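See below for the structure under consideration.
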Amino acid sequence: MKRTYQDLNEEQREAVVHNAGPALILAGAGSGKTRVITYRIIRLVEEMKVSPFRILAVTFTNKAAQEMKDRVANLAGYQQAREIFIGTFHRLCLTILKLHADKLGYQPGFTIYDDSDQKAVIKECLWDLKLDEKQVHPYAVHSHISAAKNELKDPKEYEELVAGIFQEKVAQIYPRYQQKLRENNAMDFDDLLFNAVLLMKKHPEILEGYRRRFEYVQVDEYQDINSAQYQLVSAIAHPLNNLYVVGDPDQSIYGWRGADIRNILRFEHDFPGARVFKLQQNYRSTKSIIQAAQAVIRNNSQRKEKELFSLREMGETPTYYQAEDDKDEAEFVVKTVYERLGQPGRSFRHVALLYRTNAQSRVLEDACRRHNIPYIIVGGLKFYDRKEVKDMLAYLHVLVNPKDSVSLRRMINTPIRGIGSGTVAKLEENAKQQDLSMLEAARLAATSGEFPKKATQALANFVAMMDSLIAERDLIAPSEFVKHVLERSGYLTDLATDDSLESKMRAENLKELVNSVLDYEKSFEKSAEGNTEEAAKKPTLEGYLDQVSLVADVDKLEDKKNCVTLMTMHNAKGLEFPIVFITGMEEGLFPHNNSMEEDDDVQEERRLCYVGMTRAMDVLYLTGAACRYVYGTPQWRAPSRFLSEIPKDMIQVTGKAASIVATQGGLYEVKDVKKKEFDELKDPEWDDEPVMAPYAIGDTVRHKHFGKGMVLALIGSGDDLTVTVSFPNHGKKQLKAKIAKLEKVE
DNA sequence: CGGCGTGCCCTTTTT
DNA sequence: GGGCACGCCG
């Protein structure tokens with residue numbers, strides 16, 4: 001069958017009919033990049049007669065992978081689609097590593113440690129090294145190690161480049177951290193990439209195998225690729241370099257995770273002879289939304305020339321609402337959602353509420369609940385992060401990988417079975433001295449008589465339980481087995497002993513966990529888990545755990561339910577909604593305080609703003625609050641600079657905070673106060689008075705030593721009020737209002 | 001050993 | 001505001 005690609009535009013068609021050799025597709029937001037990449041794959045199979053088995057397509061999220069699989073299956077048929085390796089980087093690496101784990105000194109059943117497991121291991125290291133975790137923050141240590149791995153630096157290489165006291169500490173911790181992971185037969189997320197690359201380096205014959213296998217390599221979201229991913233992809237694509245990458249430098253928002261935007265910017269340099277295609281027509285949004293988004297992104301200096309345009313109608317001019325405080329902001333959002341729902345063809349599912357930080361979701365959530373708006377939150381506290389679910393997963397991890405002592409420590413006394421912290425500490429000591437896993441140490445202790453009688457008995461019971469569970473593990477279906485573990489562990493019985501609502505919820509969540517195992521099993525019936533080299537053809541507990549470790553919340557976002565969606569802008573990438581609210585448009589929040597010093601960081605924030613705005617199809621609201629509660633204290637901040645980058649005629653301004661006006665460029669005058677309408681909607685109990693501050697953003701003040709300056713932000717109230725002032729000759733200063741005694745100047 | 005209360009400090013974003 | 005570590009008491 002010869003396809004004519006009539007449903008593609010000229011730009012898209014040119015990109016699709018590219019044959020061999022490297023190609024870079026610069027695809028603006030909403031320009032149909034997924035469509036292009038799927039058609040490309042189909043063309044490889046149907047016209048160029050490439051065996052599906054020889055095609056690799058890598059994405060960043062499972063959701064993107066699934067969508068691509070579905071589209072290929074729809075167009076080319078299911079049989080073709082399942083032969084193609086379409087998956088995330090992490091899934092690709094995991095698949096490779098499972099096949100060759102032994103070559104790196106791992107066993108195939110290795111566990112993937114999540115954030116909290118990683119943190120636990122770091123803490124152990126700190127403890128071993130007698131470092132104070134108050135001074136050396138585990139989180140900071142881990143992010144350094146993570147960054148090192150993303151740049152493919154092993155502990156030795158890291159040590160050589162150490163600069164500063166903190167990094168010296170990290171250099172001590174890093175090798176120990178790796179050693180502990182190895183002892184637990186565990187890898188962290190970054191190891192998946194790092195070890196896959198390492199494997200290829202150490203074993204050229206394995207690399208050669210994958211080179212021969214994957215003749216055509218496609219990469220989605222290329223702007224977000226880090227060094228390790230770059231190495232992997234370019235190694236596999238070499239020497240044919242049939243490397244087809246799609247991305248948008250303006251949507252690179254993962255720099256903090258090691259993504260290096262330079263990879264896309266220098267693609268033509270790295271792969272000589274590369275052809276470049278641009279997709280600049282946006283199909284998603286109205287003209288006025290695209291114009292506003294373009295106006296913002298234009299302020300970035302590091303860009304590839306690309307001008308997005310929309311052929312849709314002008315549509316509604318985006319609105320900026322300046323709220324008094326965060327609650328007022330939430331009320332505005334909710335009220336507007338109701339207004340919009342009155343319009344034909346609109347329902348809750350068409351609305352997304354976006355924000356910069358997860359902490360912002362709470363106020364929005366409260367407002368939704370008060371006004372009976374159904375909502376789902378993507379990200380934040382995930383299902384798999386709940387205590388009871390993590391406990392049960394810890395059981396399963398140990399049962400699959402008995403060396404996993406981090407998980408063992410979590411479940412050994414949950415529910416309480418008389419193995420207290422003293423006993424655990426002693427076990428740990430024994431394990432370390434005799435070079436055993438914790439479970440082995442427990443097994444020994446159960447018979448040695450070294451422990452007190454009660455503890456010995458408790459350990460003996462525990463070991464017997466674990467041994468019998470391990471023996472049963474592969475005899476029944478994973479879902480049956482999980483049910484069995486819930487019973488045998490006494491976890492459910494323990495929950496049943498008190499009838500609090502919380503316990504009931506937990507029991508409910510554990511049922512849901514069993515359901516998720518059932519879903520996993522079902523996916524095998526239709527055999528959608530389509531990678532042929534997936535070692536096992538039938539569902540296993542190990543396979544289930546792998547999957548859980550690799551799924552993110554967005555992946556499961558179903559649009560069946562009629563709910564408003566709440567999520568961060570990071571999570572929103574790749575999605576679209578008719579009506580979008582971007583909340584928290586304030587200096588210090590967006591752009592975030594931690595990203596305001598370096599120009600590169602501000603540029604990334606701006607790209608994030610661009611990503612957020614371009615999610616909107618028809619209607620876009622930008623909202624910000626003059627005063628917001630952070631960690632329980634009020635903070636006053638100026639409107640985001642990104643607002644002032646949108647020309648006046650491209651945005652309509654409204655709000656009720658007439659007293660505090662934008663200072664960034666002083667562009668906004670607040671008109672059209674809609675207070676009356678709010679009061680009708682508001683729950684009276686909710687409407688507490690905002691905290692007043694003696695200064696306002698934009699005030700000029702005089703300081704004894706620093707002279708005249710302008711107020712940029714206010715944090716706290718009363719005696720704790722801290723004022724951020726910018727002085728012409730002394731720069732930014734944070735001053736305690738009580739001590740500094742700033743004098744207001746007219 | 002284990003339950004419970006107090007106080008501290010923060011996570012910006014996530015596969 | 002709230003999760004987590006620590007300390008006290010039954």
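This is a predicted model, so every value here is computed, not measured. Proteins get letters first, then strands, A, B, ... in listed order; numbering begins at 1 in each.
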- Query: For the pair made of CZ in Arg362(A) and C1' in dG1(C), what is the distance, rounded to whole Å?
  - Reply: 6 Å
- Query: Of all the nucleotides listed (dC10(B), dT14(B), dT12(B)), which has the minimum atom distance to the side chain of His137(A)?
  - Reply: dC10(B)
- Message: Does the structure show His90(A) stacking with dT15(B), if we require the centres to be closer than 5.5 Å and the planes to be within less than 30 degrees of parallel?
- Response: no
- Message: If I take atom CG in residue Leu589(A) and atom C1' in nucleotide dT11(B), what distance separates them, rounded to the nearest angstrom?
- Response: 13 Å
- Gap between atoms CE and C1', on Met567(A) and dT14(B) respectively (whole Å): 14 Å
- Per atom distances to the His592(A) side chain, the nearest of dT15(B), dT13(B), dT12(B) is dT12(B)
- Task: Considering only atom C1', compute the distance from dT12(B) to dA5(C) and round it to an integer number of Å.
- Result: 24 Å
- Message: Is the phosphate of dG3(C) approached by Lys387(A) (side-chain N or O, under 4.0 Å from OP1 or OP2)?
- Response: no
- Between dT14(B), dT12(B), dA5(C), spot the one nearest the side chain of Arg356(A), thanks. dT12(B)
- Task: Just compare dA5(C), dT15(B), dT13(B) and give me whichever is closest to any side-chain atom of Arg257(A).
- Result: dT15(B)
- Message: For dC1(B) and Thr423(A) - does any side-chain N or O of the residue sit under 4.0 Å from the phosphate oxygens OP1/OP2?
- Response: yes
- Please measure how far the P atom in dC6(C) lies from the corresponding atom in dT11(B), and state the result in whole Å. 16 Å
- Message: Treating Asn401(A) as the side-chain partner and Asn184(A) as the backbone partner, does any N or O pair qualify as donor plus acceptor under 3.5 Å?
- Response: yes
- Message: Strictly distance-based, threshold 3.5 Å: is any side-chain N or O of Ser361(A) a donor or acceptor partner for the main-chain N or O of Asn358(A)?
- Response: yes
- Testing dC1(B), dT15(B), dT13(B) for proximity to the side chain of Ser421(A), the answer is dC1(B)
- Note on the structure: Taking dC1(B), dT13(B), dG3(B) as options, the one with an atom nearest any side-chain atom of Ile416(A) is dG3(B)
- Query: Taking OH from Tyr629(A) and C1' from dG2(C), how many angstroms apart are they, rounded to a whole number?
  - Reply: 17 Å
- Query: Can you tell me how far P of dT15(B) sits from CD1 of Ile253(A), to the nearest Å?
  - Reply: 11 Å
- Message: Closer than 4.0 angstrom, basic N to acidic O: yes or no for Arg257(A) and Asp224(A)?
- Response: no
- Task: Flag the pair Glu388(A) and Arg506(A) as a salt bridge only when some basic side-chain nitrogen lies within less than 4.0 angstrom of an acidic carboxylate oxygen.
- Result: yes
- Sorted by position of nearest nucleotide on DNA chain B, 5' first, the leading residue of Asn413(A) and Leu608(A) is Asn413(A)
- Item | Whole-Å gap separating C1' (dT13(B)) and CG (Asp224(A)) | 12 Å
- Could you state the atom-to-atom distance from NZ of Lys119(A) to C1' of dT11(B) in whole Å? 9 Å
- Task: Measure from the side-chain heavy atoms of Phe189(A) and tell me the nearest of dT14(B), dC1(B), dT15(B).
- Result: dT15(B)
- Test the Lys426(A)-Phe451(A) pair against the cation-pi criterion, namely NZ or CZ under 6.0 angstrom from the six-membered ring centroid and within 45° of the ring axis. yes
- Using 4.0 Å as the upper bound for N to carboxylate O, is an ion pair formed by Asp260(A) and Arg262(A)? yes
- Message: With the criterion set at under 5.5 Å between ring centres and under 30 degrees between planes, would dT15(B) be stacked on Phe89(A)?
- Response: no
- Residue whose closest nucleotide on DNA chain B lies nearer the 5' end, Gly422(A) versus Glu605(A): Gly422(A)
- Message: Please confirm whether the shortest side-chain N or O distance from Asn226(A) to OP1 or OP2 of dT15(B) is below 4.0 Å.
- Response: no
- Query: OP1, OP2 of dT12(B) versus side-chain N and O of Asn358(A): anything below 4.0 Å?
  - Reply: no
- Message: Distance check needed: dT12(B) P versus Glu604(A) CD, whole Å only.
- Response: 15 Å
